[in-house]
Amino acid sequence: MTKDHPSADKEQAVAGLQYAMGIGTTLIGVGILAFPRLAVETAGTAAPLATAVAVGLMVAAGSLLAHVLSQSPQDNLFESSTRLLGRLFGGLLTLALTLYFLELTALAAREFGEVVVTSVLQRTPVEVTILVMILLAALAARNNVIVFARILTFYMPFVYFPALVIVLLTLKNAEIVHMQPLFNVFSTVSWYGFVQAVKTVAALFPNFMVAGLVIPHLYRPQRAVRWTALGIAMAGSLYLIVMLATLSVFGTGEMRRLLWVTLELAKTAAAPLLFLERTDPVFLAVWVTAVFTGVLTSYMLAVKGLSHLCGFSNHRVWTVLAVPPVYVMAMQPVNITDLYGMIQWVSGAGLVLTLGCTLVLWTAHWLRHRPHNGRVVT
Amino acid sequence: MNFRRRPRCRMWACLLALWPLLSGCWDRTEIEERGTILALSIDPAEEVQENITGAHARADASGYRLTAQVAIPGRIPLGPGGGESGGAASTKPVWLISASGKTIDDAINSMQQELAEKIFLGHLRVIIVNQQLARSPGMRDIEDFFRRNAEIRRLAWLVIAKGSAFATMEASPKLERLPTLYLVSTMDHGVELGKIPNVFLGNYWTVQSSLGKEPVLPLISVPAKDEIKLEGLAVFHGTRMVATLNPLEVAGFLELTGAHAGGYAFALPVPGDPKHSITVKALTRRTRIKMRLEHGRPVADVYCRLDTRIEERTGTVPLNSHYADIARQLEQNTTQLQQRVIRKLQGLNSDCIGFGELLRASQPAYFRQFTSRDQWDEAFAHLPVRIHVQAVVRRAGMSAR
């Protein structure tokens, strides 16, 4: 990165497909374990439909953000918000996003720690698991955005293929009757519950804001919209597949009783290989990479936001300074119930924030660039 | 601060980066230091005088007596051969250990007192529950411990023992080197051969959580020392066992639930020669159940298709011109058998076939009125079920007559 002006001359070295794969990887995160239960709790068998609606919503939101950013490809998300909204409002928006992504990093690391301490490493202190995850993210966030994008892309096959294989292995225990009624649902499910489920699933996607960091580095930023949409749709398809698989294997009644439904799904997978009698450790190993990419992205967004607020050209110093507050935030929830209460609240607020930010930027962009008596005012 | 210029800084940075890797050692457990439990039996305990988790331990049963098969490290034979090298009775690969408690966890904790190594349930393959306990309200409180424990596999088997569950732990059949593995293969092959439905632990839990279906579990007994016999199925109503299905009824049950493999053979009278019989076995079966609302009431239609082959004929009447008659006879018999099974289940108020789930799936607006398991089960007791069986004799073995 150059030192003189933060928004000057960003090196363009990320290919479109690479970027789409990166988005697809980063959107799969800790939430994949619990979201089928949360969606089913309010929407019953309408949960897959709610998932599909939420994915559609987020593809639209991501495309809108990508569209705004691709109009001025020299600026990243935070620079664009300052340019479009002015120093004060742009700064406030950046501050809100930064705080939100710091908290998101913390909660994702904590949820990760809780899963690990409950299901695999029961004697390892949860503090250590959390700290290691945060440090890993901090270390990886010291790279520039191009390398960061490469890290995300690199892990894509490690996240997608094992997850799909495990889903295939569980199909033997799937029962179609558990999924029904799939479409004719509103006789048993309230609209309110359905909307709640859409909200729950949409809240899995806050990391789509990473588009704001990577788009300026694309070879062809003018194509950002289609690649962003593809990336979000990829992650959305995986979420939908996992939703359908868990629902068809467990049914709504059992899903309400399982804390981490997707992990139980991995426990139900019968591998035809003798040495792999249990697939849940394999799934957990895969899931750690998914968590890592998610935590890394939230942390990168927070750190980039902080450096923008301070006017730093280099974000590296914040990768060190942000570790203690994130760790402290991660340790705040008292227990698992408290943690999920907090996650529900923060993810709801985050959904409003990320969607709101996208809409505000788009409106500001539209107001500034609308055709005015036949010519464009800038 | 520039890392590149200061080798000492770089060294510390590298060390700091490597330090988190050390955290992997926390949960290190050597295999010999694990009390690996392969199978667990649960019997009712009459009087538990002293218990380990304190005076407040309470469950719906007066107490549970747990017996575990603990794997002895180094004695588990791996791979072919080698099993006979020791041969003596002292080289048994598992060790039986018992403990009782007021609750399951109470019993597990007192078992831990008898065992030096930490109990590890990650390899638990079978849980056997005494029928007497399964029929009591105490069955419900067994479930929670296993649901909460992260080591438990959902693919383990939960099995009901006709007599004492402890006896099934003691029995060590000759076919497998590990008694547990013999039990597991009895179940696995039972599913493959179409003798029992694939009702493993996770499946039992899943069915238990759904409103419109009641669980069944495999039922075994120990008729003689070192012998284990599959007795049929235990029928549940909620979390309590209410009845058993004998192997013939299980055949009808499997036809109704549409299990693919045909596991049981039926004997029919030879057409025109009632003193002799022919035995027919299903090759494959396919069942579809349609739930309809007629005059505002649910009605079930069961469409069952059997592809069969002839296994045996007694007497001398040639069969090849009678295939159609045999098929009609089989259809009649199968219909009667299925009706008998359904009447039995309806008498028990226990919808193990899952008509309720099918009704919920196809008529969600109607099913809304059933908010509890008991409500649906009462409706199930009066559900009209129409059975349509279509049987075809496909082949007759190597005999031309």
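Values in this document were obtained by computation on a predicted structure and should not be read as measured data. Sequence lines set the chain letters: A, B, ... in the order given, protein chains first and strands last, and positions in each chain run from 1.
When each of B:Q363, B:R360, B:E357 is checked for heavy-atom pairs under 4.5 Å with chain A, B:R360 comes out on top. With chain A as partner, the option from B:G202, B:G122, B:A150, B:A361 having the largest number of non-hydrogen pairs under 4.5 angstrom is B:A361. Most heavy-atom pairs under 4.5 Å with chain B: of the set A:E254, A:M179, A:Q180, this distinction falls to A:E254.
Shown here is A:R256, whose CZ atom has more than 12 heavy atoms of other residues, nucleotides or ligands within 6.0 Å. Within a 6.0 Å radius of CZ in A:R123, other residues, nucleotides and ligands contribute more than 12 heavy atoms. Environment of CZ in B:R288: sparse, with no more than 12 heavy atoms of neighbouring residues, nucleotides or ligands closer than 6.0 Å.
The contact between A:L131 and chain B is made entirely by side chain atoms (from C-beta outward), counting heavy-atom distances below 4.5 Å. Neither the backbone nor the side chain of B:L211 comes within less than 4.5 Å of any heavy atom of chain A. The part of A:T45 that comes within reach of chain B is its side chain, from C-beta onward, which places non-hydrogen atoms under 4.5 angstrom from that chain. Residue A:L258 touches chain B through its side chain alone, counting heavy-atom pairs closer than 4.5 Å. With a threshold of 4.5 angstrom between heavy atoms, A:E175 approaches chain B through side-chain atoms but not through N, CA, C or O. Neither the backbone nor the side chain of B:F367 comes within contact range of chain A, judged by heavy atoms closer than 4.5 Å. Only the backbone of A:T118 comes within contact range of chain B, with heavy atoms under 4.5 Å apart.
Residues B:F200 and A:N173 have side chains in contact (heavy-atom distance under 4.5 Å, counting atoms from C-beta outward).
Electrostatic pairing of B:R147 and A:E264 does not count as a salt bridge here, judged by no charged N lying under 4.0 Å from a carboxylate O.
In this structure, CD1 on A:I176 lies 11.0 Å from CG on B:L358, to the nearest 0.5 angstrom. A:R257 CZ to B:D144 CG: the interatomic distance, rounded to the nearest 0.5 Å, is 7.5 Å.
The backbone N or O of A:L265 lies less than 3.5 Å from no partner atom in the side chain of B:R154, so there is not a single donor-acceptor pair.
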